[in-house]
Amino acid sequence: MKLLILDAGHCLSLALARACSQRSDTELVIDASTRVERAKLESLKPDALIIPPLSRPFSVTPAAVTEHAEAVESCMEACKAAGIPLLWCVSDQLYEDGHPTPIDEHVIPAPRDDGLRRLVKTGDRIRAECPQHLIVRVGPMFALEGSHSWLGELLDTMISGDAVRVESDVTLCPTSADAVAMALIGMLQQQVCGANSWGSYHVAGVEPISAYTFVSTVRTQLETRLEGRGEKLALGEVKALSHHHDQPLRRVLNCRRVLEVFGVHQKPWRLELGRMLDSWCEARDAEGDHERESST
């Protein structure tokens, strides 16, 4: 199976590259651009084009949202003309108002924000014009490196001693970029083998948690690991924000359909977080060893 993914520096692109490097049945082509022309698709002949998500569309400028939406629609038109399946990952923030119970795949987001509505319009076009499509709605992704990595950004902020401000009244499902990458490979492998199960799916981590508690857990586990290595740092504090005073917001994706159709299980975010923090500490130790060797 050959896959083409855009936006080379995105944390999902890097995660997919790691996952594919460990497999002999999947070839990955990475393009630095956020758009692709029909001619390139016809030349490469990938089994699918993957577009990483605009991870926090509610927090970026309207111009950035519009640019992303237009790029996705341009790619959709190229895929349709070349007969190449399209997989677009979408942030769970499109469910702006959340829902008291887990959100099923058939529920089309209906946000009030103009930027989010623009992304919904793009999804409507894909459903109407591109039969061979997968729209994969993901929880807030975290990774150590790449754009939109979240965890890497949190660690940099904490290490520098700066405070992290995050909502205490928003419940969500943090999702490892590595877990999303593995899920996408599994889904597309089955599609290539004739599953023909196009449509919308949810991929998110298990154990819903408030954004504040997740970030606090990151800080606690980071501090524990650093102290275990004999390193004592004054990490930045985690400050709670409250934006939904009347009713806490729950934005939890129901991932039952991706399990029923493709057999994809969601990975616990605590395990993924622990693994990434261990990797981060090992890289920090290696960097320290290198610096000491260079100074002698």
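Glu73 pairs in a salt bridge (Lys or Arg N to Asp or Glu O under 4.0 Å) with only one of the listed residues (Lys121, Lys80, Arg118), which is Arg118. Partner Phe262 forms a side-chain contact (heavy atoms from CB on, under 4.5 Å) with one of Gln189, Gln191, Arg257 and no other, that one being Gln191.
Closest of all the heavy-atom pairs between Asp278 and Arg229 is O-NH2, 4.4 Å. What you find for Thr157 and Ala163 is that their closest heavy atoms are CG2-O, 3.8 Å. Residue Tyr95 comes nearest to Asp104 through the heavy atom pair OH-O, 4.0 Å, listed as atom of the first residue, atom of the second, then distance. Ser74 and Arg35 make their closest contact through CB-NH1, 3.6 Å (heavy atoms, listed as atom of the first residue, atom of the second, distance). Leu151 and Ala143 get closest at one heavy-atom pair: CB-O, 3.2 Å. Here the closest heavy-atom approach between residue Met141 and residue Cys11 is recorded as CE-SG, 4.1 Å.
Under the 4.5 Å side-chain criterion, counting only non-hydrogen atoms from C-beta, Met76 is not in contact with Ile51. Taking 4.5 Å as the limit, some side-chain heavy atom of Ile159 sits within range of a side-chain heavy atom of Leu235. Between Arg125 and Glu77 the shortest side-chain heavy-atom distance falls below 4.5 Å. Considering only heavy atoms from C-beta on, Val218 stays 4.5 Å or farther from Trp150 through its side chain. The shortest distance between side-chain heavy atoms of Arg137 and Pro109 falls below 4.5 Å. Under the 4.5 Å side-chain criterion, counting only non-hydrogen atoms from C-beta, Leu259 is in contact with His265. Taking the side chain as every heavy atom from C-beta outward, His99 and Val107 never approach each other to under 4.5 Å. Residues Glu223 and Leu226 are not in side-chain contact: their nearest non-hydrogen atoms beyond the backbone lie 4.5 Å or more apart.
We find the NE2-CG distance between His202 and Asp92 to be 9.0 Å, quoted to the nearest 0.5 Å. Lys45 contributes atom NZ, which lies 13.5 Å from atom CG of Leu4 (distance to the nearest 0.5 angstrom). Summarising the geometry, atom CG belonging to Asp7 is positioned 9.0 Å from atom NE2 belonging to His68; distances are rounded to the nearest 0.5 Å. The line from CH2 of Trp280 to CD of Glu145 is 14.0 Å long, rounded to the nearest 0.5 Å. In this structure, CG on Leu87 lies 9.5 Å from CD1 on Ile126, to the nearest 0.5 angstrom. Here the OG atom belonging to Ser149 is positioned 12.5 Å from the CG atom belonging to Leu12, to the nearest 0.5 angstrom.
For Glu105 and Ser200, the side-chain atoms include no donor-acceptor pair closer than 3.5 Å. Using modelled atom types, one finds a donor on one side chain and an acceptor on the other under 3.5 Å when comparing Asp162 with Ser160. Between the side chains of Arg18 and Gln22, no donor-acceptor pair is found at a separation under 3.5 Å.
Other residues, nucleotides and ligands place no more than 12 heavy atoms under 6.0 Å from the CE atom of Met182. The number of heavy-atom neighbours closer than 6.0 Å to CD of Glu37, taken from other residues, nucleotides and ligands shown, is 12 or below. Surrounding CD of Glu67 are at most 12 heavy atoms belonging to other residues, nucleotides or ligands under 6.0 Å away. A 6.0 Å sphere centred on CZ of Arg219 holds more than 12 heavy atoms belonging to other residues, nucleotides or ligands. Under a cut-off of 6.0 angstrom, the local environment of CZ in Arg165 is sparse, with at most 12 non-hydrogen atoms contributed by other residues, nucleotides or ligands. Heavy-atom contacts from other residues, nucleotides or ligands closer than 6.0 Å to NZ of Lys2 number more than 12.
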> Run the salt bridge (Lys or Arg N to Asp or Glu O under 4.0 Å) check on Asp31 and Lys40 step by step: do they pass?
Replying inline: CA-CA 11 Å; Asp31 195 306; Lys40 184 163 188 175; 2.3 Å; yes
>> Set out, in order, the CA-CA distance, both residues' side-chain angles and the distance that settles side chain to side chain contact (heavy atoms under 4.5 Å, CB included) for Leu188 and Asp47, then state yes or no.
In response: CA-CA 8 Å; Leu188 289 170; Asp47 291 293; over 6 Å; no
>> Determine whether Ser91 and Leu54 satisfy the following criterion, side chain to side chain contact (heavy atoms under 4.5 Å, CB included), listing intermediate values before the conclusion.
In response: CA-CA 7 Å; Ser91 167; Leu54 185 62; over 6 Å; no
>> One pair to check against side chain to side chain contact (heavy atoms under 4.5 Å, CB included): Leu184 and Val136. What are the steps and the verdict?
In response: CA-CA 9 Å; Leu184 299 186; Val136 180; 4.1 Å; yes
> Can you check salt bridge (Lys or Arg N to Asp or Glu O under 4.0 Å) on Arg251 and Glu167, steps first, answer last?
Replying inline: CA-CA 13 Å; Arg251 193 165 63 238; Glu167 300 94 337; over 6 Å; no
>> As a quick check of understanding, evaluate side chain to side chain contact (heavy atoms under 4.5 Å, CB included) for Thr217 and Thr213, giving each step before the final call.
In response: CA-CA 6 Å; Thr217 302; Thr213 304; 4.2 Å; yes
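Val180 and Ile185 fall within the same hydrophobic cluster, defined by Ile, Leu, Val, Met, Phe, Trp and Tyr side-chain heavy atoms under 4.5 Å apart, directly or through other members. In the hydrophobic clustering of ILVMFWY residues, with side-chain heavy atoms under 4.5 Å counting as a link, Ile135 and Ile5 come out apart. Criterion: ILVMFWY side-chain heavy atoms under 4.5 Å apart, direct or through other members. Under it, Met276 and Val164 are part of a common hydrophobic cluster. Transitive grouping of hydrophobic side chains (ILVMFWY, heavy atoms separated by less than 4.5 Å) brings Met158 and Val166 into a common cluster. A continuous path of ILVMFWY side-chain contacts below 4.5 Å connects Leu6 to Val72, so both sit in one hydrophobic cluster.
For the pair Ser242 (side chain) and Ala240 (backbone), a donor-acceptor distance under 3.5 Å is absent. Not a single donor-acceptor pair under 3.5 Å links the side chain of Ser210 to the backbone N or O of Val170. Checked by atom type and distance alone, the side chain of Ser43 never pairs as donor or acceptor with a backbone atom of Ala39 at under 3.5 Å. Judged purely by atom type and a 3.5 angstrom limit, Gln190 has no side-chain atom pairing as donor or acceptor with the backbone of Ala195.
Between His10 and His148, the ring planes lie parallel to each other; the angle is under 30°, not in the 30° to 60° tilted range.
In this structure, Phe142 has its ring center no closer than 6.0 Å to that of Trp269.
Judged as a salt bridge (charged side-chain N to carboxylate O under 4.0 Å, His left out), and not counting sequence neighbours, the contacts of Glu272 are Arg275.
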